[in-house]
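Worksheet for the structure shown next.
Position 1 is the first residue of the sequence; numbering continues from there. For ligands, and for the atoms within them, numbers begin at 1 and follow the listed sequence. Quick note: numbers below take in every heavy atom, side chains included, and nothing from hydrogens, waters or symmetry partners.
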Amino acid sequence: MLSRENAIHQLSNYIKKIRFPGIVLLHGAGISVAAGIPDFRTPKTGFYSRVEKLNLPHPESIFDIEFFDRNPYPFYSIANELRPGRFRPTYCHFFAKLLEEKNKLLRVYTQNIDGLEKMTGISENKLCEAHGSFRTAHCLICRQEIGIDQVNQAIDMKTPLKCTHCGGNIKPDIVFYGENLPSRFFTLSDKDFDSHNKKTCKLLITIGTSLKVYPFASLAEYVSKEIPRFLINNEQSGNFSFQDNKSKDYFIKGDCQQTILDLSEELGWRNELEDLKSSFQFDEY
Ligand code: CNA
């Protein structure tokens, strides 16, 4: 396995060689930890260890659609730790935007529901929020759309919101276990990873995810063997084969924000990345 420095150097070389939108980014909760949002599975600090106090059947129950419909209290009691409004995008988020500006980004697929990619101003057609977002909300029964301010208020008061038409539970449009992913996820991934399509993924960079949630995790498995795949994470995850000298899989272990800064330095983009982040205008809500 390459050293961290050599792997960053290798990644920088691959990025430099790409002269069209050919890079796919896969984002996970690890990239938003520096924004102040806990990830799920990191022991002690992750969201799942925080929900232990709620005595759920499983930590995952908090995001299980059947459980939520029976008992929305646990979700409403902790959703303020995730809901957008107080958090700013990080270097990792702005790196995606920078790749778009350099005309190298094919797509960013994110599992995150915090909306931080969108806040960077990245174009909508470059972004696939595979697990939805907190920007809209609906009644689970009659599908009436509910104003998100009302939902945020309920989340802040830790009180489940009910539909005024039918009494059903109101849920932000984030994808729970037991729900389908948006059809756009399947349409785009079919196209972006189709080896017969010329405008397909030529470099895959996976950042801050344990790759445990399917079908999202399968994206990392869709690319053909000749496509380089990088994992930037605190720990190894997914089906990468880092020990196999013939594979084009690379692991850059450690804090993803530092890795992205080091990578930007190597690319000669550090000032542009810093500028993007520091010029960001932010209104808390
Ligand atoms: P996860 O299972 O909690 O994995 C996070 C991964 O990131 C782990 O492998 C960590 O080791 C790694 N990690 C954490 N911090 C860092 C860091 N600073 N540098 C490098 N690596 C780090 O979360 P996944 O995203 O894999 O799981 C998918 C779930 C998480 C999706 O359904 C999301 O909706 C859900 N989620 C989203 C958010 C958010 O929107 N910010 C927060 C928490 C969970």
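- Using modelled atom types and a 3.5 Å distance limit, the side chains of Tyr109 and Asp192 yield a donor-acceptor pair.
- The salt bridge (charged side-chain N to carboxylate O under 4.0 Å, His left out) analysis of residues 110-125, with sequence neighbours excluded, yields the pairs Lys118-Glu124.
- Among residues two or more places apart in sequence or in another chain, the side chain to side chain contact (heavy atoms under 4.5 Å, CB included) test is passed with Asp249 by Arg229, Phe240, Ser241, Phe242, Ser247.
- Listed by chain and number, residues touching ligand 1 at under 4.0 Å (heavy atoms only) are Gly28, Ala29, Gly30, Ser32, Val33, Ile37, Pro38, Asp39, Phe40, Arg41, Thr42, Leu82, Gln111, Asn112, Ile113, Asp114, His131, Gly208, Thr209, Ser210, Leu211, Val213, Asn233, Asn234, Glu235, Gly254, Asp255, Cys256.
- Under the side chain to side chain contact (heavy atoms under 4.5 Å, CB included) criterion, Lys212 pairs with Arg41, Ser210, sequence neighbours left out.
- In summary, the side chains of Gln111 and Thr209 do present a donor paired with an acceptor at a separation below 3.5 Å, with no hydrogens or angles considered.
- With hydrogens and angles left out, the side-chain atoms of Asp156 and Asn80 include no donor and acceptor closer than 3.5 Å.
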